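None of the values given here were measured: they were computed from a predicted structure. Naming convention: chains lettered A, B, ... in sequence-line order (proteins, then strands); numbering from 1 in each chain.
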Amino acid sequence: MRLITKFTLFMGLLAPIAAHAGSLTIKGSDTMVLLGQRWAEDYMKKNPSTTVQVTGGGSGTGISALINGTTDICQASRAMKDAEKEKLRDRYATTGTEIPVARDGLSVYVNAANPIKELSLDQLKLIFTGKITNWKELGGADAKIILYSRENSSGTYVFFKEHVLKNADYSSRAQSMPGTAAVVNAVAKEKNSIGYGGAAFAKGIRVLSVKKDDTSAAIAPNLAHVQDGTYPLARPLFFYVRNKPAGDIKSFVDWVLSKEGQDIVTQVGYFPLK
Amino acid sequence: MIRAMAKIALTLSLSLFLAAPAALAQTAPPTTAETAPTADTATNKASTDASSAAPAQTAGQSEAEATPATAPAGNEMAARLEALEAKLAGLEEAHNATDASVSALKRLKVSGYIQGRYEHSEASANGLKSDGKTVANTDRFLVRRARLKTVYDGVNAEYLLQIDATGDGVTLKDAEATFVDTWSPLNIRLTLGQFKVPFGYELLQSSADREMPERAAIVRAYFDGERDRGLRLTARYEFLRLAVALINGNGVKDTATYKSTALYGTNDPNKFKDFSGRLGVDFGTVTGGVSAYLGRGPMSTTVTSGATSTDPVTISYDYKRRTRLGADVQAYLDVPEVGGLALKGEIIWGSDSAIDWNGVPSNPATNVRKLGWIVTAVQNIGDYLGVVVRVDQMDPNTSKDKDKVTTVGGGLLGYASNNLRASLIYQHPIEEGTSVSDDSLIAQLQAKF
């Protein structure tokens, strides 16, 4: 019994103070980092006693942080994989709580000077797997296609691979960019390039309309098409937490889902849930 | 990293370089009628100043002639810009090459864990047990597990090697050469090598994740060492999970010895291959499965020395048909304001039935059937503490009475981080027959990466 008492005290010493009251960490999706920062800024203005820290790194990095216990909330632009859920379950005996917080139309960017205005999912797959390498094959100029992609820790990279490439490998010619802003910047400078990323970053470049197949109509990633799901690359953006939200986490999540929080979604350039 | 920093530095210097004319314009003295320009208007202001100077020139003077000092500066600037752009292009190429190397290295994952432990048992005694070989003392410090695992995630291939380096030497745990299917929706993986036998839940659960220090008695009785060599196929589709394997059936712990030497070592003592498989479901908060193991092999080997040292030894086998069946279920609940609660149950039944062998009729009296079950509850308290309780029972021979042993165990778990877990576990075996004082206490610190 004395041994147990000693051990309990030892445990108390080992365990660092759990999440400081009034302090929240958010880690994950680069697509969502601007949105997260805006939410954090506005929330802290209304709740000065709460500190919200937001960092990016990619959805994969955020999910790892959630499993490792180094973040309270994970922002992810893709759903958690089975293997990630299993890791969370092994450690915390929970499968985590998934909370959709906004919607995005994953956008395909080309340079503003590019005459191409729409592509089908099949064409995009052929482009990004390296089967189509020249714009003239798509009715454009006789110029080599320059591919800009993301790093594999990015949720956008995974979503695009699953939904456009149908899990095929990206072309080895695709250049990995560290963030969506870098993709947009590169596409804006390189006339013959193509890239992809969140709708909120689409500035100074042309966003293509996307056809589900060759016979479908081309759909632009706008509010109506993203919310009703007719845009082929519409996707939810998530918060993931380990347990059912409680305390500071619940207060923040509730505010994000409120009209005030959803208005910020629109201001940043994404689409609100409703 | 250094290349990336160099690239950033170069980009910054380019930016500064391009901003230089604006900065120079800021430092130019304002005309008499003007106030000092603000930073935002500096560039425009400088242009205006140049225009206002134009009327003083003769009509035939070109703009270049009017500003003889700035033309060489402009050329020099363009040349420097060109040189910097060339340097940047070179660095970009180098960066891409480095990026490709780093991407290849990212496929290599190294992980491991060490379990340092102190054990205390009521049954402990000084010296050796009556067999004259086994140490009777179990009050001791030990390194229970020291694992190092390397995985390389290749193209349609996976290399996996795990070794255990404890005080008893380095042993091979897992060595898997796997073909990975990336085309079908079944996520098929075909492995040839040494791996855990696909059966049940607790056997397959990693020792780094398991809350109790050791597996339950029924699992240890049937799958001591947990692993075997063979061919394994796994697949998953939606909520279904399948793992089947053809294995030698001898396990990795050779219990047949002659003159203190393992008889079979890593060899398979017979041509029969055993089958083991588990069909499971995973609904997230509820998982489970059914398992079966079917095989044949020598359950005992007796080697008798000849009368003299030159006489040949006599070897006799006791061949049996091995059958194990199991079912397991796990449920995960989120207790509000407390944390995750895991409830796990498993039952295993097994039979070793004597079979005729080499003209020798079987002896049904040697048949043995075992039955065991395990119930475990783990309650997390916040992110840093947990409580575990496990009750397991094993009936080593269902034909005999008063031989069941039920073990009640439980304790505290503490997580300083995801890399460090401390546990204190007390176990109390309850013997159905003669009671024995063999309670045990285990304090363990696990560090993993």
Side-chain angles (χ1 to χ4, degrees), chain A residues 1 3-19 64-72 80-83 85-98 151-153 161 165-170 172-173 175-178 186 241-247 250, chain B residues 4 92 96 99-100 103 106 120 155 182-183 185 187 205-206 208-211 236 239 241 282-285 287 330-344 377-386 411-424 426 441 443 445:
Chain A
M1 195 62 201
L3 260 177
I4 291 174
T5 311
K6 283 180 183 173
F7 181 76
T8 311
L9 287 170
F10 170 64
M11 290 295 184
L13 287 173
L14 264 184
I17 305 300
S64 293
L66 191 76
I67 294 166
N68 293 336
T70 52
T71 189
D72 299 311
M80 271 178 83
K81 296 176 187 172
D82 286 344
K85 285 180 185 172
E86 283 164 19
K87 280 183 188 169
L88 196 65
R89 203 164 56 189
D90 288 340
R91 166 62 184 86
Y92 296 99
T94 75
T95 50
T97 302
E98 178 184 278
E151 290 169 333
N152 61 10
S153 59
K161 187 175 181 183
L165 307 194
K166 306 296 178 197
N167 286 319
D169 286 331
Y170 283 92
S172 57
R173 293 185 304 103
Q175 295 180 52
S176 295
M177 308 302 279
V241 292
R242 283 182 285 275
N243 301 101
K244 284 196 172 64
K250 186 175 189 310
Chain B
E92 264 179 4
N96 289 340
D99 207 30
S103 297
K106 275 183 182 173
H120 166 77
V155 179
T182 53
W183 305 283
N187 298 299
Q205 189 185 22
S206 165
D209 295 331
R210 194 181 54 251
E211 295 81 8
R236 53 170 63 197
F239 58 87
R241 305 284 184 269
D282 187 340
F283 297 110
T285 53
T287 61
Q330 302 80 41
Y332 302 90
L333 312 166
D334 200 345
V335 180
E337 308 287 341
V338 182
L341 169 66
L343 299 170
K344 306 172 187 180
V378 185
Q379 174 67 63
N380 281 272
I381 303 164
D383 289 343
Y384 300 99
L385 286 172
L412 296 169
L413 309 166
Y415 300 86
S417 70
N418 196 45
N419 302 112
L420 190 72
R421 183 177 78 185
S423 48
L424 181 68
Y426 191 87
L441 182 71
L445 202 58

Side-chain heavy atoms of [X] within contact of [Y], under 4.5 Å:
X        : Y        : answer
A/Asp82  : B/Arg241 : yes
B/Leu445 : B/Leu420 : yes
B/Asn380 : A/Arg91  : yes

Notebook entry, point to check: So which of B/Lys106, B/Gln379, B/Arg236, B/Gln205 has the biggest tally of heavy-atom pairs under 4.5 Å with chain A?
Noted result: B/Arg236

Check: At a heavy-atom separation under 4.5 Å, does A/Lys85 approach chain B through its side chain, its backbone, both, or neither?
Finding: neither

Notebook entry, point to check: What pairs meet the side-chain hydrogen bond (donor to acceptor under 3.5 Å, both in side chains) rule with one or both residues in residues 330-339 of chain B, with sequence neighbours excluded?
Noted result: A/Asn243-B/Asp334, B/Thr287-B/Gln330, B/Asp328-B/Gln330

Next item on the list: Go through the atoms of B/Leu343 and report whether side chain, backbone, both or neither lie under 4.5 Å from a heavy atom of chain A.
Entry: neither

Note to self: Given heavy-atom pairs under 4.5 angstrom as the criterion, report whether the side chain, backbone, both or neither of B/Asp282 touches chain A.
What the structure shows: side chain

